[in-house]
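Written out below as structure tokens is the structure these notes cover.
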Amino acid sequence: MLDPQLLRNNPDDVKKAMQKHGADLDLDFFNQLETQRKEIQIRTQNLQNERNKRSKSIGIAKAKGEDIQPLLDSVSQLGDDLKAAEVELQGILSELHDIQLSLPNVLAEEVPDGKDEDDNIELRTWGNIPDYDFDVKDHVDLGQSLAGINFELGAKIAGSRFVTLTGPLARLQRALTQFMLDMHTDQHGYQETYVPYLVNKESLLGTGQLPKFEEDLFKMANDSPYYLIPTAEVPVTNLVRDEIIAADDMPLKYVAHTPCFRSEAGAYGRDVRGMIRQHQFEKVELVQIVKASDSEQAHEALTHHAESILQALNLPYRLMLLCSGDTGFSSSKTYDLEVWLPGQNTYREISSCSNFRDFQARRLKARWRNPETGKPELVHTINGSGLAVGRTLIAVMENYQQADGSIKVPDALQPYMGKLTSISL
RNA sequence: GGAGAGAUGGCAGAGCGGUUGAAUGCACCGGUCUUGAAAACCGGCAAGGGGUCAAACCCUUCCAGGGUUCGAAUCCCUGUCUCUCCGCCA
């Protein structure tokens with residue numbers, strides 16, 4: 001959510017910023033609502049003031065034992081007027097609130113203009129793309145020949161975009177998860193966190209998935225109020241909803257491993273082959289709650305933390321700065337990490353690291369108390385995948401494949417694999 | 001699932017339907033005292049919104065949503081959550 005003051009005082013600037021982020025703000029409509037709001041709010045508050053004063057005087061008169069009836073009579077009309085004004089005000093406020101909830105974040109200055117992922121900017125690459133002296137397979141073929149990945153079983157049990165893992169490959173995914181969690185807790189100072197996988201509407205409003213992106217979510221059937229989380233970002237960031245955090249506790253750094261559930265409603269036909277795009281996948285998520293003054297630095301640091309996993313696994317990747325058209329609704333600036341996938345001969349997203357600045361915090365009412373002023377200030381929220389575990393599994397399989405179809409276990413994972421050095425049939 | 005109790009400021013905890021946005025304590029901030037600190041004492045200290053150059057001032061908020069009333073933290077209804085006891089259970 002944007003600062004309402006900004007919206008009121010600089011509507012033209014906001015409109016421009018919204019257009020850069022692919023949204024439109026109907027200024028005439030907004031200004032008209034604002035004018036009405038102001039007028040009705042003042043009128044309502046005057047009436048409330050009048051009622052309060054009269055009620056108070058009735059109380060005083062009664063305490064003195066005076067006759068109250070004339071006072072009561074003089075108040076009768078007031079109640080109706082007030083009720084009408086309050087209803088009217090409520091309507092306008094909720095309309096304005098809806099507009100505010102539907103507006104995306106203002107993008108950081110350095111975010112380049114662009115339409116889609118083709119306009120993203122490559123900031124740097126890491127690692128060497130290997131040459132293979134044999135025909136490389138993708139993870140689907142590798143997984144099938146190793147009898148460890150089975151899409152048919154996934155489809156039978158659930159449907160399309162589901163998968164089963166078996167044996168060493170299932171363990172490899174667990175190893176990756178453990179490895180990532182250990183690295184982030186032991187070396188990067190994150191606190192391991194366990195959170196619900198089902199969340200309520202308030203949480204999704206807080207982080208910005210609702211109200212605009214309900215179709216991307218799985219909702220529980222019947223009258224259950226729960227949604228499956230599309231990312232740990234939702235429950236973890238909502239840890240600080242409605243909280244005022246002590247200065248000494250800042251920054252907060254959380255890491256959580258959760259499954260993630262996405263409807264992929266807009267992705268028919270995309271990535272239908274393989275494990276790239278599933279309804280259910282594992283992810284290790286990094287979340288930082290920081291002071292406004294620290295957020296850019298924290299965003300860089302968090303991105304490095306995600307990168308360090310790829311480096312430790314010796315997986316080639318590149319760092320992308322997302323353009324305006326590809327940056328998410330709530331984000332002001334997003335870096336994507338794209339890992340090299342030999343089977344697809346291309347880079348694919350494996351982590352997305354975003355700085356939301358105060359956008360989520362305002363929806364969440366997440367604040368910290370600044371000792372210098374004694375006042376609560378909105379926090380900045382930052383998160384990123386560290387990493388998407390399912391895709392990391394794919395990357396390891398494809399990058400560590402051998403001519404005979406076996407997969408070498410990366411050194412960093414061997415302690416988690418019972419010292420297994422190679423996966424073969 | 002059954003029976004009961006509860007939800008109030010950063011925390012703890014009072015609060016006969018009437019000048020209560022809310023006693024008190026802790027924490028926190030400023031000051032006096034002290035070589036310094038502690039203690040003691042004095043003062044300040046909720047959030048959000050409107051308003052103003054800045055103030056003054058005004059409105060809202062005591063879990064949430066409805067209701068009763070001139071007036072609700074206080075009474076009524078619904079929901080959520082927490083605690084205690086019983087039952088069941090990974």
Side-chain angles (χ1 to χ4, degrees), chain A residues 1-9 30-31 33-101 194-206 210 220 222-227 235 238-250 252 289 291 358-379:
Chain A
M1 203 156 81
L2 303 174
D3 184 352
Q5 295 296 347
L6 189 71
L7 206 50
R8 276 175 213 157
N9 300 333
F30 176 79
N31 287 331
L33 278 178
E34 257 305 305
T35 312
Q36 283 182 49
R37 190 218 97 225
K38 209 158 192 170
E39 189 265 312
I40 296 167
Q41 181 163 345
I42 289 170
R43 181 151 51 87
T44 306
Q45 294 192 349
N46 285 340
L47 285 167
Q48 286 170 329
N49 179 227
E50 192 60 30
R51 177 206 58 196
N52 291 345
K53 281 199 290 204
R54 295 203 192 187
S55 294
K56 211 165 267 187
S57 68
I58 290 174
I60 293 170
K62 198 174 176 187
K64 289 181 185 161
E66 294 169 3
D67 182 18
I68 298 171
Q69 199 52 46
L71 286 169
L72 288 181
D73 293 342
S74 75
V75 161
S76 61
Q77 180 60 37
L78 195 61
D80 295 341
D81 292 349
L82 177 56
K83 189 137 282 178
E86 280 175 339
V87 168
E88 200 178 352
L89 179 63
Q90 192 103 59
I92 298 231
L93 285 178
S94 88
E95 257 187 284
L96 281 166
H97 191 62
D98 288 348
I99 291 177
Q100 287 174 337
L101 282 179
Y194 173 79
V195 290
Y197 303 157
L198 299 176
V199 294
N200 57 33
K201 209 166 208 161
E202 287 70 32
S203 294
L204 290 156
L205 278 167
L210 290 179
M220 294 293 109
N222 303 324
D223 293 328
S224 173
Y226 301 123
Y227 294 79
N238 271 276
L239 290 170
V240 296
R241 170 151 55 91
D242 292 320
E243 300 288 341
I244 298 175
I245 300 155
D248 291 347
D249 295 334
M250 297 284 283
L252 293 169
I289 312 295
K291 304 171 187 173
D358 61 11
F359 185 87
Q360 291 182 325
R362 188 169 290 108
R363 292 170 165 240
L364 293 162
K365 294 185 186 66
R367 295 161 294 176
W368 70 287
R369 194 175 295 278
N370 185 342
E372 285 171 25
T373 59
K375 294 292 173 193
E377 293 178 13
L378 291 171
V379 300

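Computed from heavy atoms alone, side chains included, the values below leave out hydrogens, waters and symmetry copies. Quick note on labels: first sequence line is chain A, next is B, and so on, each numbered from 1.
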Provide the Watson-Crick or G-U wobble partner of [N], both distances under 3.5 Å; none if there is no partner.
| N | answer |
| --- | --- |
| U52(B) | none |
| G43(B) | C29(B) |
| U84(B) | A3(B) |
| G71(B) | none |

Determine the interatomic distance between [atom1] on [N] and the same-named atom on [M]; round to the nearest Å.
| N | M | atom1 | result |
| --- | --- | --- | --- |
| A38(B) | C86(B) | P | 49 Å |
| U20(B) | C59(B) | P | 14 Å |
| C89(B) | A14(B) | P | 39 Å |
| A47(B) | G9(B) | P | 13 Å |
| U68(B) | U52(B) | C1' | 39 Å |
| U35(B) | A22(B) | P | 40 Å |
| G18(B) | C75(B) | C1' | 15 Å |
| C26(B) | G44(B) | P | 16 Å |

Could you check which of [options] has an atom nearest any side-chain atom of [X]?
| X | options | answer |
| --- | --- | --- |
| Ser55(A) | G10(B), G51(B), G71(B) | G71(B) |
| Arg37(A) | G50(B), G18(B), U19(B) | G50(B) |
| Pro376(A) | A47(B), G49(B), U19(B) | A47(B) |

Start with the C-alpha gap between Gln36(A) and Glu88(A), add the side-chain angles, then the distance that decides, and say whether side-chain hydrogen bond (donor to acceptor under 3.5 Å, both in side chains) holds. CA-CA 10 Å; Gln36(A) 283 182 49; Glu88(A) 200 178 352; over 6 Å; no

Over how many whole Å does the gap from [X] atom [atom1] to [N] atom [atom2] extend?
| X | N | atom1 | atom2 | value |
| --- | --- | --- | --- | --- |
| Gln41(A) | G48(B) | CD | C1' | 11 Å |
| Lys56(A) | G17(B) | NZ | P | 19 Å |
| Lys53(A) | C59(B) | NZ | P | 8 Å |
| Arg362(A) | A47(B) | CZ | C1' | 15 Å |
| Asp3(A) | G49(B) | CG | P | 9 Å |
| Asp249(A) | C28(B) | CG | P | 14 Å |
| Ile244(A) | C28(B) | CD1 | P | 17 Å |
| Leu364(A) | G48(B) | CG | P | 15 Å |

Exercise: identify the closest heavy-atom pair between Ile244(A) and Pro376(A):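 Closest approach of Ile244(A) to Pro376(A), heavy atoms only: CD1-CG, 4.3 Å.
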
Before giving the answer on side-chain contact (heavy atoms from CB on, under 4.5 Å), spell out for Leu33(A) and Ile99(A) the whole-Å C-alpha distance, their side-chain angles and the decisive distance to 0.1 Å. CA-CA 10 Å; Leu33(A) 278 178; Ile99(A) 291 177; 3.8 Å; yes

Taking only side-chain N and O atoms of [X], does any of them lie within less than 4.0 angstrom of OP1 or OP2 on [N]?
| X | N | answer |
| --- | --- | --- |
| Gln5(A) | G50(B) | yes |
| Lys375(A) | A47(B) | yes |
| Arg367(A) | G10(B) | no |

What I'd like to find out is whether the side chain of Gln48(A) reaches to under 4.5 Å of the side chain of Glu86(A), using heavy atoms alone.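 Yes; the side chains approach each other to less than 4.5 Å.
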
Just wondering, are more than 12 heavy atoms of other shown residues or ligands nearer than 6.0 Å to OH in Tyr197(A)?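 Counting neighbours around OH of Tyr197(A), more than 12 heavy atoms of other residues, nucleotides or ligands fall under 6.0 Å, so yes.
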
A quick test of your reading: do over 12 heavy atoms of other residues, nucleotides or ligands sit less than 6.0 Å from CD of Gln90(A)?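 12 or below, so no.
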
So, does Arg363(A) use its side chain to make a donor-acceptor pair with the main chain of Leu204(A) at under 3.5 Å?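 The answer is no, because no donor-acceptor pair under 3.5 Å joins these two groups.
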
When you measure from the side chain of Asn238(A) to the backbone N and O of Ser203(A), does any donor-acceptor pair fall under 3.5 Å?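 Confirmed, Asn238(A) side chain pairs with Ser203(A) backbone.
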
Could you walk me through whether Leu101(A) and Met1(A) pass the side-chain contact (heavy atoms from CB on, under 4.5 Å) test, one step at a time? CA-CA 6 Å; Leu101(A) 282 179; Met1(A) 203 156 81; 4.0 Å; yes

Applying a 4.0 Å non-hydrogen cut-off, can you work out what Lys365(A) is touching in the nucleic acid: base, sugar-phosphate, or nothing?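 Nothing, no nucleic acid heavy atom in range.
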
Run the side-chain contact (heavy atoms from CB on, under 4.5 Å) test on Glu243(A) and Leu364(A) for me, step by step, so that the C-alpha distance in whole Å, both residues' side-chain angles and the decisive distance to 0.1 Å come before the verdict. CA-CA 9 Å; Glu243(A) 300 288 341; Leu364(A) 293 162; over 6 Å; no

Indicate every side-chain donor-acceptor pair of residues 38-47 of chain A with a distance under 3.5 Å to a residue at least two apart or in another chain.
from     : atom 1 : to       : atom 2 : distance (Å)
Glu39(A) : OE2    : Arg43(A) : NE     : 3.1
Gln41(A) : OE1    : Arg37(A) : NE     : 2.9
Thr44(A) : OG1    : Ile40(A) : O      : 2.6
Asn46(A) : ND2    : Ile42(A) : O      : 3.4

Return the residues of residues 85-100 of chain A meeting this criterion: a heavy atom under 4.0 Å from some atom of RNA chain B. Order them by number, or give none.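 Within residues 85-100 of chain A, no residue comes under 4.0 Å of RNA chain B.
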
Which ones in residues 42-52 of chain A lie close to RNA chain B, meaning a heavy atom under 4.0 Å from one of its atoms?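 Heavy-atom cutoff 4.0 Å gives Gln45(A), Gln48(A), Asn49(A), Arg51(A), Asn52(A).
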
Under 3.5 Å, is there any donor-acceptor pair linking the side chain of Lys62(A) to the base of G18(B)?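 Donor-acceptor pair under 3.5 Å: yes.
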
Consider side-chain contact (heavy atoms from CB on, under 4.5 Å). Of Lys365(A), Glu202(A), Arg367(A), which one does Asp242(A) pass it with?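 Testing Asp242(A) for a side-chain contact (heavy atoms from CB on, under 4.5 Å) against Lys365(A), Glu202(A), Arg367(A) leaves exactly one candidate, Lys365(A).
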
